[in-house]
Structure formats: C-alpha cells, structure tokens
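Note: hydrogens, waters and symmetry copies are ignored here, and every other heavy atom, side chains too, is used. Residue numbers begin at 1 in each chain, while the letters A, B, ... track the order of the sequences. Predicted model only: the values in this text are computed from it and were never measured.
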There are 2 protein chains.
Amino acid sequence: MDKDLENIKTTLDVVCGKWKAVVLYKLTSGTLRFGEIKKQIPLIKHQTLIKQLKELEEDGLINRKSYPEVPPKVEYSLTDYGRDLEYLLTHLVEWGNEHNRLSYRAEKELEET
Amino acid sequence: MDKDLENIKTTLDVVCGKWKAVVLYKLTSGTLRFGEIKKQIPLIKHQTLIKQLKELEEDGLINRKSYPEVPPKVEYSLTDYGRDLEYLLTHLVEWGNEHNRLSYRAEKELEET
DNA sequence: TAAAGTGGTATATTTTAATATACCAAGGAG
DNA sequence: CTCCTTGGTATATTAAAATATACCACTTTA
C-alpha cells in the first residue's frame with residue numbers, strides 16, 4: 001500500500017480539470033457569481049465551466065448558493081475544505097512564474113488567445 | 001493579460017498527466033531505472049509510462065540516461081528544473097493526506113486495484 | 001538452441017474530457 | 001407584446017489521453 005501515491009492522486013484528481021485550479025484560485029479572493037468567473041477566465045467554455053463547478057462542488061471544495069431570483073443569481077465560494085488548497089494554489093502560480101518558459105503543450109494551447 | 005492564470009496552466013500542464021506527479025515524486029528520492037519506476041507504480045501501464053516520461057523529458061523536468069548495454073538500461077532523474085517541483089509535490093501529498101477522503105472520481109479509479 | 005530480460009516502437013482501439021449547439025424559465029426594460 | 005438577461009439542461013460531436021496488442025534488439029542463462 002503506497003499511501004503517498006494515493007494522496008497525490010487524491011489531490012490531483014480534485015485539481016486537474018482543465019481550469020479547476022484556476023477557478024479555485026479566483027475564488028480565493030472571495031465569492032464570485034457564475035458570470036464573473038466566466039468573465040475572469042475568458043478561454044473557458046460555458047459547458048466546461050458548468051461541469052467543473054459541479055465536480056468541485058461534489059468534491060466538497062466549493063459552495064454553491066442559488067438565489068431564487070429571475071434572472072438567476074448563483075454564487076460560488078470556497079469551503080473550508082477548499083480553502084486548505086490555497087497554499088498549494090499559490091505554489092502552482094509561483095512555480096509557473098519562476099519557470100515561465102511555457103511547456104510545449106501549454107504554449108500550443110494558449111496561443112489561440 | 002492574466003499572468004496568474006498562465007502560470008497555473010504552465011504548472012498544471014507539466015504535472016497533470018495521469019501519473020506524472022507520482023513519477024516525479026518517486027524521482028525525488030533519487031535516480032530510478034525504467035523498470036523500477038514501473039514496479040513502484042503498479043497500476044501504471046507500460047505505454048502510459050513511456051509516454052509520460054517522454055513528455056516530462058521534453059518539458060525539461062527529467063533527464064534520461066541510456067546505457068549502451070543489452071538488455072537495455074535507462075535511468076531517469078530529476079533536472080534542476082524538475083527538482084524545483086519537489087516542494088510542490090510534497091504539498092500535493094500533504095493535502096491528499098489531510099483530506100484523505102478520496103474524491104468520488106479518484107475512488108472509483110483506484111478501487112480496481 | 002531456446003527462452004528470458006529490458007526498454008523501447010508502431011498501430012489500433014477504447015475511454016475520458018472538452019466543446020458545440022439548441023433550448024429553457026420568468027421577470028424587467030423598451 | 002417582444003426581447004434580453006442568467007445560469008442552467010440535454011444531447012451530439014470532437015479532440016485528447018490512456019490502454020491493448022504485437023513486435024523488436026542482443027546478450028546471457030539454462
């Protein structure tokens with residue numbers, strides 16, 4: 001039984017959706033509405049954001065608060081569980097910053113911007 | 001231009017192959033032969049390991065040293081560039097450990113063991 | 001002389017993730 | 001009235017990642 005291996009998988013599984021870590025990082029600054037998240041991550045697609053938010057919620061990392069208004073208003077925020085990722089997220093940013101030579105694949109993807 | 005977003009993508013892109021972070025973590029303890037890595041990560045498939053090692057090498061995170069012997073002997077080790085990930089990797093392990101409730105998806109995957 | 005061992009290549013197939021497209025509810029603005 | 005708004009649902013399609021399968025080189029061991 002390799003516990004380290006399981007632990008890494010646990011964390012990655014929760015963070016490694018195409019934009020999950022970015023979404024979580026945005027939420028570290030505070031509660032955001034669905035549309036605000038979308039605006040702050042211009043490349044993300046509507047469906048993709050919806051699915052990733054749902055998974056993050058299922059995994060207990062974010063709260064979803066829906067107001068009974070029309071047009072709808074839905075706010076997302078980090079749970080305590082998710083807030084524990086904050087430290088890790090800043091390290092994701094830092095490593096990327098210090099090694100700002102984009103990877104071959106990341107570059108290929110972002111150049112469509 | 002959202003630099004944080006790019007930085008996160010850079011890091012994730014390098015780490016988020018199915019077993020990449022685990023491979024890197026194993027290598028933090030020192031140089032390993034191909035077969036040793038495979039043995040330490042029983043669930044990884046031959047082809048998958050080969051591909052991920054190649055990508056890690058392309059991204060400059062690991063060194064590949066091949067000895068002209070038969071049967072072949074190939075050793076993998078972290079580059080300085082990759083060693084800078086060590087801190088991040090230990091945090092991946094830690095968060096997973098502190099939140100050892102496996103995510104819905106991670107559980108589903110590992111239960112086939 | 002046949003078989004085993006290592007770290008691959010090449011190719012096809014399956015599984016998973018991301019994307020595109022169309023549609024909805026119901027209140028307010030014009 | 002009609003259109004716009006927001007945050008979705010449902011479905012189909014495409015792209016990407018992982019897996020399966022077969023094969024190879026050459027030396028050593030049995």
Side-chain angles (χ1 to χ4, degrees), chain A residues 9 12-23 27 31-59 62-77 103-113, chain B residues 9 12-23 27 31-59 62-77 103-113:
Chain A
K9 292 296 278 181
L12 287 188
D13 219 73
V14 132
V15 147
C16 275
K18 187 164 184 181
W19 299 98
K20 278 185 190 176
V22 175
V23 170
L27 289 176
T31 300
L32 289 173
R33 292 186 60 174
F34 178 86
E36 293 173 324
I37 300 175
K38 211 164 78 169
K39 225 169 289 171
Q40 292 195 25
I41 310 175
L43 289 173
I44 202 172
K45 294 305 182 295
H46 187 74
Q47 281 313 313
T48 306
L49 179 55
I50 286 175
K51 202 193 299 176
Q52 307 220 339
L53 286 171
K54 195 187 290 180
E55 291 184 359
L56 288 172
E57 195 197 354
E58 283 173 8
D59 285 338
I62 61 175
N63 289 125
R64 177 181 182 282
K65 181 169 185 184
S66 172
Y67 296 83
E69 301 174 9
V70 168
K73 173 180 177 184
V74 181
E75 288 181 343
Y76 290 92
S77 59
S103 83
Y104 171 70
R105 283 178 309 291
E107 195 171 72
K108 215 169 59 178
E109 192 202 332
L110 288 175
E111 75 191 2
E112 302 154 13
T113 316
Chain B
K9 291 298 278 177
L12 287 187
D13 219 75
V14 132
V15 146
C16 277
K18 186 162 183 181
W19 298 98
K20 278 185 190 175
V22 176
V23 169
L27 289 175
T31 299
L32 289 174
R33 293 185 59 174
F34 179 85
E36 293 174 322
I37 300 175
K38 211 165 76 169
K39 225 168 293 170
Q40 291 196 27
I41 310 176
L43 288 172
I44 201 171
K45 294 303 181 299
H46 187 76
Q47 281 312 313
T48 306
L49 179 54
I50 286 175
K51 202 193 299 176
Q52 307 220 337
L53 285 170
K54 195 186 287 179
E55 291 184 359
L56 288 171
E57 194 196 355
E58 285 173 7
D59 285 338
I62 62 174
N63 290 125
R64 178 181 181 280
K65 181 169 185 184
S66 171
Y67 296 86
E69 302 174 7
V70 167
K73 173 180 176 183
V74 181
E75 287 181 344
Y76 291 93
S77 60
S103 82
Y104 171 69
R105 283 178 309 290
E107 196 171 71
K108 214 169 59 179
E109 193 200 334
L110 289 174
E111 75 191 4
E112 301 152 15
T113 316

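- OP1 or OP2 of D/dG8 sits under 4.0 Å from a side-chain N or O of A/Y76.
- Between the C1' atom of D/dA16 and the CD atom of B/E55 lies a distance of 11 Å, rounded to the nearest Å.
- Under the 3.5 Å distance criterion, the side-chain polar atoms of B/K9 are left unmatched by any main-chain donor or acceptor of A/W19.
- If you take CG on A/L53 and CD1 on A/I44, they are separated by 7.0 Å, rounding to the nearest 0.5 Å.
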request  = At under 4.0 Å between heavy atoms, which parts of nucleotides 21-27 of chain C does protein reach? Answer with one letter per nucleotide, 5' to 3': B base, S sugar-phosphate only, - none.
outcome  = B----BS
Please list every donor-acceptor pair under 3.5 Å in which a side-chain atom of residues 67-77 of chain B meets a protein atom from a residue at least two apart or in another chain.
residue: B/Y67; atom: OH; partner: B/E75; partner atom: OE1; Å: 2.9
residue: B/Y76; atom: OH; partner: B/R64; partner atom: NE; Å: 3.4

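- The separation between B/L49 atom CG and D/dA17 atom C1' is 15 Å, rounded to whole Å.
- As rounded to whole Å, 12 Å separates atom C1' of D/dT19 from atom CD1 of B/I50.
- Residue-to-nucleotide contacts include a donor-acceptor pair under 3.5 Å from the side chain of B/K51 to the base of D/dA18.
- Rounding to the nearest 0.5 Å gives a distance of 9.0 Å between CD1 of A/I41 and CD of A/Q52.
- Rounded to whole angstrom, the span from the CZ atom of A/F34 across to the P atom of D/dG8 amounts to 6 Å.
- Applying the 4.0 Å criterion to OP1 and OP2 of D/dG7, one finds that A/R33 has a side-chain N or O inside that range.
- One finds no side-chain N or O of A/T48 lying less than 4.0 angstrom from the OP1 or OP2 phosphate oxygen of C/dA18.
- Among residues two or more places apart in sequence or in another chain, the side chain to side chain contact (heavy atoms under 4.5 Å, CB included) test is passed with A/K39 by none.
- To the nearest 0.5 Å, atoms CG (A/L32) and NZ (A/K38) are separated by 14.0 Å.
- Nearest to the side chain of A/K18, among C/dG7, D/dG7, C/dT19, sits C/dT19.
- The distance between atom CD1 of B/I44 and atom P of C/dG8, rounded to the nearest whole Å, is 13 Å.
- Whole-Å rounding puts the B/K20 NZ to D/dA16 P distance at 14 Å.
- Computed from coordinates, the A/Q52 CD to C/dA17 P distance equals 10 Å when rounded to whole Å.
- Between the NZ atom of B/K73 and the C1' atom of C/dG8 there is a distance of 17 Å, rounded to whole Å.
- Atom CG of residue A/L49 and atom CG of residue A/L43 lie 12.5 Å apart, to the nearest 0.5 angstrom.
- Close to C/dA17, at under 4.0 Å from its OP1 or OP2, lies no side-chain N or O of A/K45.
- Between B/R64 and C/dG8 there is a side-chain polar atom (N or O) within less than 4.0 angstrom of OP1 or OP2.
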